[in-house]
Amino acid sequence: MLRRHFFLAGAILVLILMLIVGAYKLTLGKKAGPGGPPAATAQGPGGGQAGGQGGARGPGGMGAPAEVSVVTIQARPFTDTLDVIGVAKGRQSVTLTAAATQLVERVRFSPGQSVGKGAVLVELKATEQDAGLAQAQASMVQAQRAYDRYKALGQRGFASKAMIDQYEANYLSAKANVAAAQARQGDRLIRAPFSGIVGLSDIAPGALINPGAAIVTLDDTSAIRVDFQVPDRYIASVRQGQAVTATVDAYPGEHISGRIALLDTRIDEKTRALTARAEFPNPDRRLKPGMMMRVAIAQGTRIGLSAPESAVSVQGDNAFVYVLATQGDRTVAEQRPVVTGVRQDGFVELKDGVAAGDRIVGDGLNKVQPNQAVRPAGQGGQRQGAGGARPAA
């Protein structure tokens with residue numbers, strides 16, 4: 001037991017000596033003059049003295065001013081548009097079918113081929129029709145010879161007028177039978193009703209075609225037409241020949257110019273809308289029938305204050321910009337709510353909250369805090385052309 005108490009007393013004595021030595025070293029460090037080693041607490045994170053640029057803290061503890069691009073609130077034209085949606089169609093489109101039940105004899109087109117008006121696309125088996133035409137032609141030749149003979153006899157007074165008229169009627173009837181046989185034979189040839197491009201088809205020689213069954217599609221895509229509905233309250237701003245623009249998802253950011261070709265003569269009683277048809281040139285065949293197209297109809301141009309989309313922060317139903325303001329000898333970014341309007345060509349209309357000439361943070365809003373000290377980035381903040389951004393303060 002005595003040995004244990006002796007060991008505990010020794011440990012306490014060693015601890016006291018360590019505390020005395022530590023206090024002595026701390027006292028020597030504080031008394032070190034300018035020539036002595038600098039205190040460890042006097043160095044900043046970069047090895048410089050405290051109070052230098054690396055350890056400086058601005059008011060409020062926000063750190064060094066953030067470098068930001070600057071744009072100036074300016075007026076620019078905005079176009080009010082009526083936006084509608086329609087489905088693209090070819091200038092002319094048709095699905096070719098057969099007029100009779102028959103076997104396919106020959107296919108004379110390739111999918112995606114351009115064909116001219118009247119070109120034969122499919123030949124159906126026409127053995128019976130060929131024979132019928134030959135029979136009708138033979139009957140017509142016989143009837144014509146009989147008519148010519150009796151006509152000559154009548155001129156010499158050896159045949160009555162009634163007899164001549166009867167043979168003439170027989171000849172005309174035989175001629176009509178030939179025309180009917182030729183029409184039946186023509187039904188075995190499927191022709192292109194207009195110039196265009198044929199679509200995909202699975203028709204092959206030997207296939208049985210029924211009336212009404214689709215053979216192949218034919219589209220004239222030299223121009224694309226789009227039918228859309230215009231509410232009756234906007235009819236006064238829509239007219240035939242008016243210029244329109246359209247966009248499609250396949251070509252984002254691209255605007256396609258066209259015009260309103262036709263306006264319907266009646267308003268739908270159920271929807272209270274007028275059907276309009278717009279046409280868009282399609283020389284390179286990039287637009288395809290069936291595409292969904294968003295058509296914009298201009299209703300007028302007005303002037304409004306604007307800012308780049310990157311300068312406007314949207315949080316829920318609210319929108320903000322960071323306006324540069326001077327507080328003493330520093331520049332800070334003040335968060336200011338604004339009322340926005342339309343968005344066009346990368347700019348946002350600002351209806352309220354700012355004035356023309358106000359300087360705002362151009363981009364990188366996620367790096368800026370309200371009332372944070374900022375430093376404009378000079379000419380790098382120009383975003384709206386000549387005069388669109390002021391030089392750095």
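No experiment lies behind these values; they were computed from the predicted model shown.
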Taking the side chain as every heavy atom from C-beta outward, state whether [X] and [Y] have any atom pair closer than 4.5 Å.
{"X": "Ile209", "Y": "Thr101", "value": "no"}
{"X": "Gln142", "Y": "Met140", "value": "no"}
{"X": "Phe228", "Y": "Ile85", "value": "no"}
{"X": "Ser306", "Y": "Glu349", "value": "no"}
{"X": "Asp249", "Y": "Met292", "value": "yes"}
{"X": "Thr217", "Y": "Leu96", "value": "no"}
{"X": "Asn177", "Y": "Ser139", "value": "no"}
{"X": "Leu324", "Y": "Tyr322", "value": "no"}

- Given side-chain contact (heavy atoms from CB on, under 4.5 Å), test Ile260 with Arg277 step by step and report yes or no. CA-CA 6 Å; Ile260 296 179; Arg277 173 172 296 173; over 6 Å; no
Taking everything shown except [X] itself, do over 12 heavy atoms lie less than 6.0 Å from its [atom1]?
{"X": "Gln135", "atom1": "CD", "answer": "no"}
{"X": "Arg239", "atom1": "CZ", "answer": "no"}
{"X": "Arg302", "atom1": "CZ", "answer": "yes"}
{"X": "Leu200", "atom1": "CG", "answer": "no"}
{"X": "Asp83", "atom1": "CG", "answer": "yes"}
{"X": "Gln182", "atom1": "CD", "answer": "yes"}
{"X": "Glu128", "atom1": "CD", "answer": "no"}

- Message: Apply side-chain contact (heavy atoms from CB on, under 4.5 Å) to residues Leu133 and Val178 and explain how you reach the verdict.
- Response: CA-CA 6 Å; Leu133 176 60; Val178 171; 4.1 Å; yes
- Task: Any chance you could lay out the salt bridge (Lys or Arg N to Asp or Glu O under 4.0 Å) test for Arg286 and Glu254, step after step, and finish with the verdict?
- Result: CA-CA 12 Å; Arg286 298 176 67 200; Glu254 182 174 341; 2.9 Å; yes
- Just by distance, with hydrogens left out, do Arg285 and Thr221 show a side-chain donor and acceptor under 3.5 Å apart?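 A pair is found: one side chain offers a donor N or O, the other an acceptor, under 3.5 Å apart.
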- Query: Does the side chain of Asn371 come under 3.5 Å of the side chain of Glu334 through a donor N or O and an acceptor N or O?
  - Reply: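 There is no such pair (donor and acceptor under 3.5 Å, judged by atom type) between the side chains of Asn371 and Glu334.
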Using every non-hydrogen atom in the two residues, find where [X] and [Y] come nearest and quote the distance to one decimal.
{"X": "Asp220", "Y": "Phe194", "answer": "N-CE1, 3.9 Å"}
{"X": "Arg272", "Y": "Ile267", "answer": "C-CG2, 3.7 Å"}
{"X": "Gln102", "Y": "Leu124", "answer": "CG-CB, 3.9 Å"}
{"X": "Val216", "Y": "Ser201", "answer": "CG2-CB, 3.9 Å"}
{"X": "Arg91", "Y": "Ser222", "answer": "NH1-OG, 3.8 Å"}
{"X": "Ala192", "Y": "Leu218", "answer": "CB-CD2, 3.9 Å"}

Before accepting this row, confirm whether a basic side-chain N of the pair [X]/[Y] lies closer than 4.0 Å to the acidic partner's carboxylate O.
{"X": "Arg191", "Y": "Glu123", "answer": "no"}
{"X": "Lys161", "Y": "Asp165", "answer": "yes"}
{"X": "Asp358", "Y": "Arg336", "answer": "yes"}

Indicate yes or no for a side-chain donor-acceptor contact from [X] to the backbone of [Y] under 3.5 Å, with no hydrogens or angles considered.
{"X": "Gln240", "Y": "Ala261", "result": "yes"}
{"X": "Ser310", "Y": "Gly362", "result": "yes"}
{"X": "Ser160", "Y": "Met163", "result": "yes"}
{"X": "Asp232", "Y": "Ala273", "result": "no"}
{"X": "Asp268", "Y": "Thr271", "result": "yes"}

According to a hydrophobic-cluster definition based on side-chain heavy atoms being under 4.5 Å apart (Ile, Leu, Val, Met, Phe, Trp, Tyr only), do [X] and [Y] belong together?
{"X": "Tyr234", "Y": "Val342", "result": "no"}
{"X": "Val115", "Y": "Ile197", "result": "no"}
{"X": "Leu121", "Y": "Leu189", "result": "no"}
{"X": "Leu82", "Y": "Ile235", "result": "yes"}
{"X": "Val87", "Y": "Ile256", "result": "no"}

Just verifying a value: how many Å separate [X] [atom1] and [Y] [atom2], rounded to the nearest 0.5 Å?
{"X": "Lys175", "Y": "Asn170", "atom1": "NZ", "atom2": "CG", "answer": "14.5 Å"}
{"X": "Tyr147", "Y": "Tyr171", "atom1": "OH", "atom2": "OH", "answer": "9.0 Å"}
{"X": "Glu309", "Y": "Phe347", "atom1": "CD", "atom2": "CZ", "answer": "9.0 Å"}
{"X": "Arg225", "Y": "Lys89", "atom1": "CZ", "atom2": "NZ", "answer": "5.5 Å"}
{"X": "Leu274", "Y": "Arg266", "atom1": "CG", "atom2": "CZ", "answer": "12.5 Å"}
{"X": "Leu153", "Y": "Asp148", "atom1": "CG", "atom2": "CG", "answer": "11.0 Å"}

- Check step by step if salt bridge (Lys or Arg N to Asp or Glu O under 4.0 Å) holds for Lys288 and Asp219. CA-CA 10 Å; Lys288 305 294 184 183; Asp219 296 290; over 6 Å; no
- Task: Quick one: do Thr247 and Arg294 satisfy side-chain hydrogen bond (donor to acceptor under 3.5 Å, both in side chains)? Show the steps, please.
- Result: CA-CA 5 Å; Thr247 57; Arg294 298 176 178 86; 5.0 Å; no
- Row check, Phe78 ring normal vs Arg76 NZ/CZ: under 6.0 Å, within 45°: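 Arg76 over Phe78 ring: yes.
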- Give the C-alpha distance, both sets of side-chain angles, the deciding distance and a yes or no for side-chain contact (heavy atoms from CB on, under 4.5 Å) between Val104 and Ile203. CA-CA 8 Å; Val104 175; Ile203 296 298; 3.9 Å; yes
- Any chance you could lay out the side-chain contact (heavy atoms from CB on, under 4.5 Å) test for Ile190 and Val120, step after step, and finish with the verdict? CA-CA 6 Å; Ile190 309 301; Val120 177; over 6 Å; no
- Query: Is there a side-chain hydrogen bond (donor to acceptor under 3.5 Å, both in side chains) between Thr275 and Asp227 once you walk through the steps?
  - Reply: CA-CA 7 Å; Thr275 300; Asp227 293 346; over 6 Å; no
